[in-house]
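Everything below concerns the one structure shown next.
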Amino acid sequence: MSADPQPVKMRLRLPATTANLGPGFDAAAVALNFYLHIEAEPAREFSICARGRDAERCARLEDNLILDLYRSLLEENGRPLIPLAIRMQNEIPLGMGCGSSAAGRLAAIALANHFGELGWKDERILAEASALEGHPDNAAACWLGGFVAASANGRGVHVARVIPPDDWRAILVLPNEPLATSKARAVLPDSYGRDDVVANLQSVAMLGLAFAQGRGDLLHAAMSDRIHQPYRSAICPQLPLLLPLAGSHGVLGVALSGAGPAVLVVAQDQQTLEEAAAAVREALKVMSAPELLICRFESRGANQSDSL
């Protein structure tokens, strides 16, 4: 009797994400149209051919987020280890608050699910990724696409999703140095006053409706935050310089991208994009020139990518 055939190669396109969007701390995120592209197939031994951002780091076979998690998931679920030849094109900056860890973890889970034939559906995949991330927002936006509000209950994840307005544009303002999420969380207080909590509840309630209804006029208020950004401004110095731009120069709203240090600037449309970008550069002229990564919001998630 012949051996069972191994699963054939798999292709993944995992979008970058920007989370929190101001008040939606650990609860809201939106996908962006730059990606981690992966193609993998069974091989005699592990190999990674990486191109794009941080290619040398992505190509490591040791201390590699994707490979380490892929191996552990197969072992934990009693599946044989299938070495993979991986080709990777990475467009997501590492350590900048653009969802690189969520994309990497979801890639590992998807590969283990495919080559280990685990049979996991979206709910289980998101639950695993959320547990590993410690919060569900980036993982839900990456896997499902669009703007999401997400909550984790035990090991279950509940997600509401809408398609972002097509005309809005995003500018990711990237500083020269990354920031570890652990450091960004360490500066947060253990408790908050009632006024700050109520203000954030008001803002985040508007945030979801602003994205759902295309209400750019609400974004300035909807992206205001009193829970994490005031405490992270000291280690994300671009933020206080860019927050005043909201409501002018075609800028609808400004917030830290995830835990930072990148800053998300939402522009009204393609016509105002150049003015918004110029205003960003002018506001940051006292600092080293940042990289501006101009993109769109992505409605398509990694779970809709083709597999062969």
Side-chain angles (χ1 to χ4, degrees), residues 6-17 19 34-118 120 124-135 138-139 142-143 174-186 257-262 291 302-303 305 307-308:
Q6 287 186 330
V8 294
K9 73 168 65 171
M10 184 181 199
R11 287 177 181 162
L12 289 165
R13 188 190 73 163
L14 301 111
T17 52
F34 53 100
Y35 313 93
L36 171 62
H37 300 269
I38 289 179
E39 184 178 273
E41 60 186 333
R44 292 185 178 182
E45 59 184 14
F46 282 102
S47 65
I48 300 177
C49 177
R51 297 183 299 167
R53 289 183 181 267
D54 301 290
E56 182 177 349
R57 183 172 172 187
C58 291
R60 293 177 187 168
L61 295 180
E62 302 298 328
D63 190 25
N64 183 292
L65 174 66
I66 296 174
L67 289 190
D68 291 349
L69 180 54
Y70 169 77
R71 289 187 179 103
S72 67
L73 286 170
L74 292 180
E75 181 180 357
E76 290 168 7
N77 289 277
R79 297 298 197 268
L81 180 62
I82 299 175
L84 299 176
I86 296 175
R87 289 171 292 282
M88 181 186 303
Q89 172 73 30
N90 180 43
E91 300 168 359
I92 306 176
L94 303 185
M96 287 290 178
C98 299
S100 60
S101 66
R105 289 186 170 111
L106 281 166
I109 294 168
L111 291 172
N113 189 42
H114 179 74
F115 292 102
E117 299 182 289
L118 300 179
W120 293 354
R124 178 66 184 274
I125 290 170
L126 281 177
E128 293 288 333
S130 176
L132 290 164
E133 285 276 287
H135 44 87
N138 286 105
C142 181
W143 193 247
L174 306 177
N176 295 323
E177 296 296 329
L179 174 66
T181 302
S182 57
K183 182 178 179 181
R185 287 188 177 269
S257 185
E291 177 185 357
N303 70 331
S305 295
S307 59
L308 296 177

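Starting from 1, each residue takes its place in the sequence as its number. Remember, predicted model here, so these are calculated numbers, not experimental data.
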Checklist entry - Do the side chain of N90 and the main chain of G52 share a donor and acceptor less than 3.5 angstrom apart? => result no
Checklist entry - Got a donor-acceptor contact below 3.5 angstrom from the N64 side chain to the A59 backbone? => result no
Checklist outcome for this item: All heavy atoms of P80 vs all of L74, minimum pair found to be O-CD1, 3.7 Å
Checklist outcome for this item: Minimal heavy-atom distance between A184 and L179, with the atoms involved, is CB-CD2, 3.9 Å
Checklist outcome for this item: The side-chain hydrogen bond (donor to acceptor under 3.5 Å, both in side chains) partners of E75 (sequence neighbours excluded) come to none
Item to check | Side chain to side chain, R87 and E41, heavy atoms closer than 4.5 Å | outcome: yes
Item to check | Distance, nearest 0.5 Å, that separates NE2 of H114 from CZ of R11 | outcome: 11.5 Å
Checklist entry - Mind checking whether W120 and L73 have side chains closer than 4.5 Å, heavy atoms only? => result yes
Checklist entry - What are the two closest heavy atoms between A139 and L126, and how far apart are they? => result O-CD2, 3.5 Å
Next on the checklist: Between Y70 and I82 (side chain of the first, backbone of the second, donor and acceptor by atom type, cut-off under 3.5 Å), is there such a pair?
Outcome noted: yes
Next on the checklist: My understanding is that only residues two or more places apart in sequence, or in another chain, count here; which of them pass ring pair (Phe, Tyr, Trp, His ring centres under 6.0 Å) with Y35?
Outcome noted: H37
Item to check | Donor-acceptor pair, side chain of S72 and main chain of L69, under 3.5 angstrom | outcome: yes
Checklist entry - When you measure from the side chain of D54 to the backbone N and O of R57, does any donor-acceptor pair fall under 3.5 Å? => result no
Checklist entry - What distance do F34 atom CZ and R13 atom CZ have between them, rounded to the nearest 0.5 Å? => result 12.5 Å
Checklist entry - Of all residues at least two apart in sequence or in a different chain, which pass the ring pair (Phe, Tyr, Trp, His ring centres under 6.0 Å) check with H135? => result none
Checklist entry - What residues form a salt bridge (charged side-chain N to carboxylate O under 4.0 Å, His left out) with R71, not counting sequence neighbours? => result D68
Checklist outcome for this item: dist S47:OG -> I86:CD1 (nearest 0.5 Å) comes out at 7.5 Å
Next on the checklist: Any non-hydrogen side-chain atom of I66 less than 4.5 Å from a side-chain atom of M88?
Outcome noted: yes
Next on the checklist: Do the side chains of K183 and E177 get close enough for a salt bridge, i.e. N-O under 4.0 angstrom?
Outcome noted: no
Next on the checklist: With rounding to the nearest 0.5 angstrom, report the CG to CZ distance, L67 to R60.
Outcome noted: 12.0 Å
Checklist entry - Between atom CG of N138 and atom OG1 of T17, what is the distance when rounded to the nearest 0.5 Å? => result 3.5 Å
Item to check | Q89 vs E39, side-chain contact (heavy atoms from CB on, under 4.5 Å): CA-CA, chis, key distance, verdict | outcome: CA-CA 9 Å; Q89 172 73 30; E39 184 178 273; over 6 Å; no
Name every donor-acceptor pair, under 3.5 Å, that has one atom in a side chain of residues 92-105 and the other anywhere in the protein, sequence neighbours excluded.
unit_1: S101; atom_1: OG; unit_2: E133; atom_2: OE2; d: 3.0
unit_1: R105; atom_1: NH1; unit_2: E133; atom_2: OE2; d: 2.4

Checklist entry - Got a second to check how far F115's CZ is from L84's CG, nearest 0.5 Å? => result 5.0 Å
Checklist entry - Side chains of L12 and L111: does their closest heavy-atom pair fall under 4.5 Å? => result yes
Checklist entry - Considering all heavy atoms of both residues, which atom of C142 and which atom of L14 are nearest to each other, and what is their separation? => result SG-CB, 3.9 Å
Checklist entry - Are the side chains of F46 and L81 in touch, meaning some heavy atoms are under 4.5 Å apart? => result yes
Next on the checklist: Could you work out, with salt bridge (charged side-chain N to carboxylate O under 4.0 Å, His left out) as the rule, every residue matching R79, not counting sequence neighbours?
Outcome noted: none
